[in-house]
Asker: 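The structure follows.
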Amino acid sequence: MGQIIASTYEIIEKIGAGGGGNVYLANHLRLNKKVVLKADKRKVTTRQELLRREVDVLKNLTHPNIPAVYDFFIEDDIVYTAMDYIEGESLDKPLKRGERYPQAQVIRWAIQLLGALDYLHSPTHGDPPRGYVHSDIKPANLMRRPNNDICLIDFNITLALGEENVIGCSAGYASPEHYGIDFSSDEDATATRRTRMGDKTSGSARGAEAKNTAGSSDETLTREDPEKTESRVLDPQAAQAFNQRGTTTSTSAKRIVVPDVRSDIYSTGATLYHLLSGRRPARDALEVEPLSEKEFSPQIVRIITKAMNPNPNLRYQTAAEMLYDFTHLRENDPRVKRMRRVNRIMAGVFSLLVAAGAASAFIGLKRMQTTENWLKLAEYSRNALETGDSALAIDYALQALPEQTGSILEPPYTAQAQNALTDALAVYDLYDGYKTQGAVNLPAAPLAMEISPDGRTAVCIYAYEAAVIDTETAQILKTLPVAESALSEAHYLDADTILLAGADGITAYDIPNDQVLWTGGPATSIAVSGDGKRAAAVYRDEQTAAVYDTADGKLIKTVDFGGRKQSVTVNDIFANPRDNLLALNEDGTLLGVSFADGSLQIFDLENPDDDIILFDPDSGYSHFEGGFYQEYFAFSATTPGDSVFSVIDTVNMEQTGGFDSDQAFGVETDGSGIYVQTENLLVKIDPVTGEQEPLVTTPDNILRFARGGEHTLITSEDKFMFYDSYANLMSTHTKEYGGDFVQLAEGIALVGSMDSPLVRVMKYIGYPDAQVFSYDSSYLHDEARLSADGKTVMLFAYDQFRLYGLDGGLIAEVDIPDAEQVYDQQYRRDADGSRLEVIYNDGLIRSYSAADGALLEEQSGDAPDSDMYEEFFTDNFRITSPLHGTPAAYDRESGRLVRELEKDAYLTYVTQTGDYIVTQYTTADGYYYGQLLNGQCEVLAELPYLCDVYDGKLYFDYPTGHVSESRIYDIDELIGMAREKKD
Amino acid sequence: MELIVTDELLFYGGMLTAGVSAVLAMFFFFVSKIRKERLKARLDAEYGLPEQKRKKKKGQKE
């Protein structure tokens with residue numbers, strides 16, 4: 001049995017010996033548990049009560065890296081401490097064997113050690129609560145357990161913070177404070193250390209024992225066994241008294257300090273230093289050689305260096321701080337930080353790029369979609385304009401030009417939309433002529449149409465109603481039921497009264513009062529006398545005609561056809577009313593009737609014996625047209641391949657004129673005369689002399705015509721045209737549908753088709769205010785120019801020119817000599833005035849004054865190129881005009897092709913005016929026009945009959961013999977005009 | 001609003017920018033993942049495995 005200590009512990013074996021005493025493995029006799037019994041032989045000066053109290057606190061420490069202290073007692077003047085037996089090996093032993101520990105392992109132990117110190121230092125132990133300083137941390141006091149964890153042992157000299165006690169001074173591990181050295185006033189003790197290290201002339205200090213040159217402490221440390229822990233008694237009161245003296249005998253004031261947690265920090269740092277490097281740090285804190293950052297991680301070196309700072313104020317102030325750095329090595333590693341920084345930056349950059357790209361794509365897409373939408377609306381506008389619905393065309397165009405908000409998602413206005421609006425408003429169409437006012441959308445395609453004498457209303461018959469239309473508004477005022485027959489007709493008795501083949505019979509209807517005046521017998525075909533007082537009606541294929549007094553609808557007479565009937569098919573839904581002739585003369589006493597058997601007869605309603613039979617039955621003719629003019633009856637009778645036209649004097653019962661042809665004649669009569677059409681001619685015929693006054697000559701065959709005042713409206717296969725009283729073409733319009741109805745009265749024209757329910761309403765509009773000059777429209781010329789001073793107008797062709805004053809007075813008329821040798825003509829305006837230059841093939845140039853037409857000079861020059869190639873220059877473009885080929889605009893700086901201009905026309909002039917470019921063209925058939933372009937050479941407006949551009953104004957030379965002027969409207973003005981019109 | 005570049009350039013250029021950036025971002029993501037793993041391995045070697053991983057590894061060994 002081994003030695004029994006305190007009747008409780010049986011010594012098993014001695015397991016170690018230290019500077020303070022021996023360490024035994026003992027068996028707790030009662031607990032039957034192995035414990036470590038430390039016997040301290042040093043003289044105990046601490047009061048026993050205090051020691052008792054400390055041990056009582058220490059034995060309550062509970063930490064996985066701190067052995068529990070069970071007991072403390074004194075026997076035979078030996079202080080015994082009983083604590084947990086920690087199996088394993090202290091860390092100093094492998095170091096002595098020359099082993100080195102990996103850095104990762106040391107870090108792990110550092111964390112455990114600092115965790116234990118943090119626990120130990122925290123003022124939570126005992127009553128009153130306080131923390132404790134180990135004061136002897138070194139590898140020898142760290143036990144390595146079998147599980148590779150460490151345990152901090154040897155609390156024998158643990159110092160209660162702030163108390164007088166024994167302290168340990170293990171050389172190399174003990175902080176300067178342990179030696180009573182104070183570096184707390186040394187602001188950069190590390191620098192001092194580095195300086196002193198740099199002063200060393202010896203080589204590496206690794207392993208060398210440095211000569212201790214302690215500070216100005218009164219004590220001088222002597223060389224001692226580095227393995228031993230030197231004990232030193234520290235009297236805090238003495239320290240305080242020393243410090244209060246305030247005088248020192250050395251340059252760096254030092255005072256006696258009491259070791260605190262920072263001392264343990266130092267010792268920990270020194271311990272880690274040793275564990276990592278394999279060498280004990282120098283005793284003198286100033287001579288500790290820093291660890292190599294090449295061998296160890298810079299962070300670790302930094303932590304240990306800080307922990308071992310001679311100045312305690314510059315060390316970690318708590319174990320927790322140091323522990324924090326060890327547990328956050330990765331986060332604080334500069335490489336990790338750099339990687340994170342780079343990742344963040346790159347994430348930001350890529351996010352930004354993706355977002356910018358997406359935003360750009362979104363913006364571009366929205367703008368493209370908006371532009372496409374606007375282009376569609378512009379197209380709709382054009383389509384509406386072509387059908388005659390200008391109001392709808394304006395509406396669509398306005399939708400394509402919404403108010404600009406300045407949003408980046410909103411593209412600029414499209415040229416197409418501006419062009420559509422300009423066309424819809426017709427602002428540059430200053431031609432005195434018929435312009436589309438609107439369109440009436442009937443429930444069905446019309447079968448017949450009639451306009452009032454004053455042009456304010458019209459009646460359209462469709463299946464099977466009659467719609468009364470207001471031509472001003474293109475609105476349907478009233479619908480009335482009509483007889484279900486394609487033969488049903490309507491006529492105006494006067495401007496306010498219509499007579500129609502109503503469903504209940506022939507009906508007189510008062511338009512303003514919306515009132516049926518009277519209703520007669522059944523009727524489909526109707527004729528009205530010239531004076532409007534009598535009306536004749538035939539119902540389908542009945543063999544009689546009823547004659548009414550239009551004032552009250554009284555039946556005046558029934559005309560017996562003698563068993564004949566007008567041309568009606570079995571199902572007269574499909575009958576062609578135009579095959580039949582039914583007409584009353586001026587006073588309603590004569591009735592002209594054609595019949596299905598080919599006969600044509602004039603019935604004298606007052607003297608039946610005086611009836612005139614113009615064609616007997618079986619004449620072979622199937623189609624009759626005509627009517628009465630004064631006492632004359634003009635008619636045409638047609639059969640395929642044969643047509644006759646004749647004028648009959650009903651008073652003298654003789655034919656006064658006529659002709660035949662293999663082409664059909666169209667004949668109309670009204671109060672103004674007799675009008676005959678064949679092929680492409682329309683003439684007015686004097687019934688007495690047979691003299692023909694040409695009204696219309698067209699390139700195409702005339703299909704239908706209508707007369708109204710001084711104007712004539714004719715239709716051909718694909719167009720309809722207006723002519724003035726001089727047979728001059730006023731305007732041409734594209735026709736969309738065939739099978740025409742045309743009506744013209746008092747400046748109002750109606751154009752309809754059996755193929756469409758749309759009836760176009762057109763109105764004659766004149767622009768007297770825009771006219772600057774008028775001339776005889778019969779004078780043929782190619783170009784018209786105004787002089788720079790605005791006083792004269794020159795109308796010129798290659799062989800002659802006329803000079804007019806603006807008042808219309810002719811100033812000069814000049815024949816250009818050798819006209820067949822003329823190459824080109826240029827009208828020049830410059831400081832010298834205005835003149836016409838006539839350029840000849842041989843290079844000769846003759847200049848004529850625009851003031852008086854006089855020849856100014858003749859100049860010889862180089863012969864011009866015969867290819868007629870021209871170039872024009874604006875600020876930004878070079879515009880080419882080849883004789884054959886499409887003119888094109890090129891960027892003046894880069895030479896890049898910007899846009900091809902108008903095809904199928906020859907570019908004659910280019911003028912830049914402000915932000916706009918005006919191009920002038922002429923076509924092969926002599927038509928001239930212009931286009932208004934924007935800065936990208938996109939077409940903003942068509943300029944029909946443009947002849948000149950000067951001083952920011954546009955001049956138009958119309959075939960009617962007028963020169964009109966217009967300024968250029970910007971888009972805001974056009975939008976304003978459109979909105980006004982819409983409202 | 002009139003811009004210096006055309007709408008088509010905005011759209012297609014934006015798509016291209018976003019697409020290329022996304023591709024580059026993915027490429028960078030994979031590269032940085034690889035670099036991160038390598039650095040992690042290096043840090044594990046220098047600083048040791050994090051405690052949780054060490055315990056897990058130890059548990060797997062046992």
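In what follows, chains are A, B, ... by sequence order, proteins preceding strands, each numbered from 1. As the structure is a prediction and not an experimental result, all values here were calculated from the model.
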Asker: Is there a side chain to side chain contact (heavy atoms under 4.5 Å, CB included) between B:E46 and A:Q299? Walk through the geometry before answering.
Answerer: CA-CA 11 Å; B:E46 284 183 28; A:Q299 275 203 97; over 6 Å; no

Asker: Do you know which of B:T17, B:L9, B:D7 has the most heavy-atom pairs with chain A at a distance under 4.5 angstrom?
Answerer: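 It is B:D7.
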
Asker: Counting only N and O atoms by type, is there a donor-acceptor contact under 3.5 Å from the side chain of A:S360 to the main-chain atoms of B:L10?
Answerer: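 A pair under 3.5 Å: yes.
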
Asker: Sort A:I107 into side chain, backbone, both or neither according to what part of it lies under 4.5 angstrom from a heavy atom of chain B.
Answerer: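 The side chain, not the backbone.
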
Asker: For B:R35, is it the side chain, the backbone, both or neither that has a heavy atom under 4.5 Å from a heavy atom of chain A?
Answerer: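 Backbone plus side chain of B:R35, per the 4.5 Å heavy-atom cut-off to chain A.
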
Asker: On a heavy-atom basis, which atom in A:M368 and which in B:E8 lie closest, and how many Å separate them?
Answerer: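 Scanning both residues, the minimum pair turns out to be SD-CA, 3.9 Å.
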
Asker: Chain A: which of B:A25, B:G48, B:S32, B:A45 shares the most heavy-atom pairs with it under 4.5 Å?
Answerer: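 The candidate making the most pairs under 4.5 Å is B:A25.
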
Asker: Below 4.5 Å, heavy-atom pairs only: which of A:I363, A:L352, A:L365, A:T327 has the largest tally toward chain B?
Answerer: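 Greatest number of close heavy-atom pairs with chain B: A:L365.
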
Asker: Take a 6.0 Å sphere around CD of A:E372 and say whether it holds more than 12 heavy atoms from other residues, nucleotides or ligands.
Answerer: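 Result for CD/A:E372: open.
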
Asker: Tell me the closest heavy-atom pair linking A:V354 and B:A22, and the distance in Å.
Answerer: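 Closest approach of A:V354 to B:A22, heavy atoms only: CG2-N, 3.8 Å.
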
Asker: Please classify the contact of A:V336 with chain B as side chain, backbone, both or neither, using a heavy-atom distance under 4.5 Å.
Answerer: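 Contact with chain B: backbone and side chain both.
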
Asker: For atom CZ of A:R145, decide whether the heavy atoms of other residues, nucleotides or ligands shown that lie under 6.0 angstrom number more than 12.
Answerer: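 Yes, because the 6.0 Å sphere around CZ of A:R145 holds more than 12 heavy atoms from other groups.
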
Asker: Given heavy-atom pairs under 4.5 angstrom as the criterion, report whether the side chain, backbone, both or neither of A:T371 touches chain B.
Answerer: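 Side chain only.
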
Asker: Counting only heavy atoms not in A:D915 (residues, nucleotides, ligands), do more than 12 fall under 6.0 Å from its CG?
Answerer: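 Atom CG in A:D915 is not crowded, with 12 or fewer foreign heavy atoms closer than 6.0 Å.
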
Asker: Write down the atom of A:F350, the atom of B:S21, and the distance for their closest heavy-atom approach.
Answerer: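 Closest heavy-atom pair between A:F350 and B:S21: CD2-O, 3.6 Å.
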
Asker: Heavy atoms only: give me the nearest A:A358-B:A18 pair and the separation to one decimal.
Answerer: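 Taking every non-hydrogen atom into account, N-CB, 3.8 Å.
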
Asker: Heavy-atom pairs under 4.5 Å with chain B: which of A:S407, A:A355, A:G357, A:G406 has the most?
Answerer: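 When all of A:S407, A:A355, A:G357, A:G406 are compared, A:G357 has the most.
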
Asker: Which bit of B:L24 is near chain A, if near means a heavy-atom gap under 4.5 Å: side chain, backbone, both or neither?
Answerer: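 Its backbone and side chain both get close to chain A.
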
Asker: If you count heavy atoms of other groups shown closer than 6.0 angstrom to CE of B:M15, is the number above 12?
Answerer: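 Result for CE/B:M15: open.
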
Asker: Where does A:R108 contact chain B at under 4.5 Å (heavy atoms): side chain, backbone, both or neither?
Answerer: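 Just the side chain, heavy atoms under 4.5 Å.
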
Asker: Which one of A:Q404, A:K366, A:M346 has the most heavy-atom pairs closer than 4.5 Å to chain B?
Answerer: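 Option with the top pair count is A:M346.
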
Asker: Please check if atom CD in A:E99 has more than 12 non-hydrogen atoms from other residues, nucleotides or ligands closer than 6.0 Å.
Answerer: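 Buried by this count: over 12 neighbours within 6.0 Å.
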
Asker: Measuring from A:R335:CZ to B:R38:CZ, what's the distance to the nearest 0.5 Å?
Answerer: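 Rounded to the nearest 0.5 Å, the CZ-CZ separation comes to 14.5 Å.
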
Asker: Tell me whether B:F28 at atom CZ has more than 12 heavy atoms from other residues, nucleotides or ligands lying less than 6.0 Å away.
Answerer: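 Count over threshold, so yes.
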
Asker: Does any backbone or side-chain atom of B:L49 lie under 4.5 Å from a heavy atom of chain A? Answer side chain, backbone, both or neither.
Answerer: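 Backbone only.
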
Asker: Measure across A:R330 and B:P50 and return the closest heavy-atom pair with its distance rounded to 0.1 Å.
Answerer: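 Closest heavy-atom pair between A:R330 and B:P50: NH2-CD, 3.4 Å.
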
Asker: Mind listing the closest non-hydrogen atom pair of A:S297 and B:Y47 along with its distance?
Answerer: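 Heavy atoms only, the tightest pair is OG-CE2, 3.6 Å.
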
Asker: Crowded around A:E403 CD? As in, over 12 foreign heavy atoms under 6.0 Å?
Answerer: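 At most 12 heavy atoms, drawn from other residues, nucleotides or ligands, come within 6.0 Å of this atom.
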
Asker: Using non-hydrogen atoms and a 4.5 Å limit, figure out which bit of A:I300 sits close to chain B: side chain, backbone, both or neither.
Answerer: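 For A:I300, the side chain is the part near chain B, not the backbone.
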
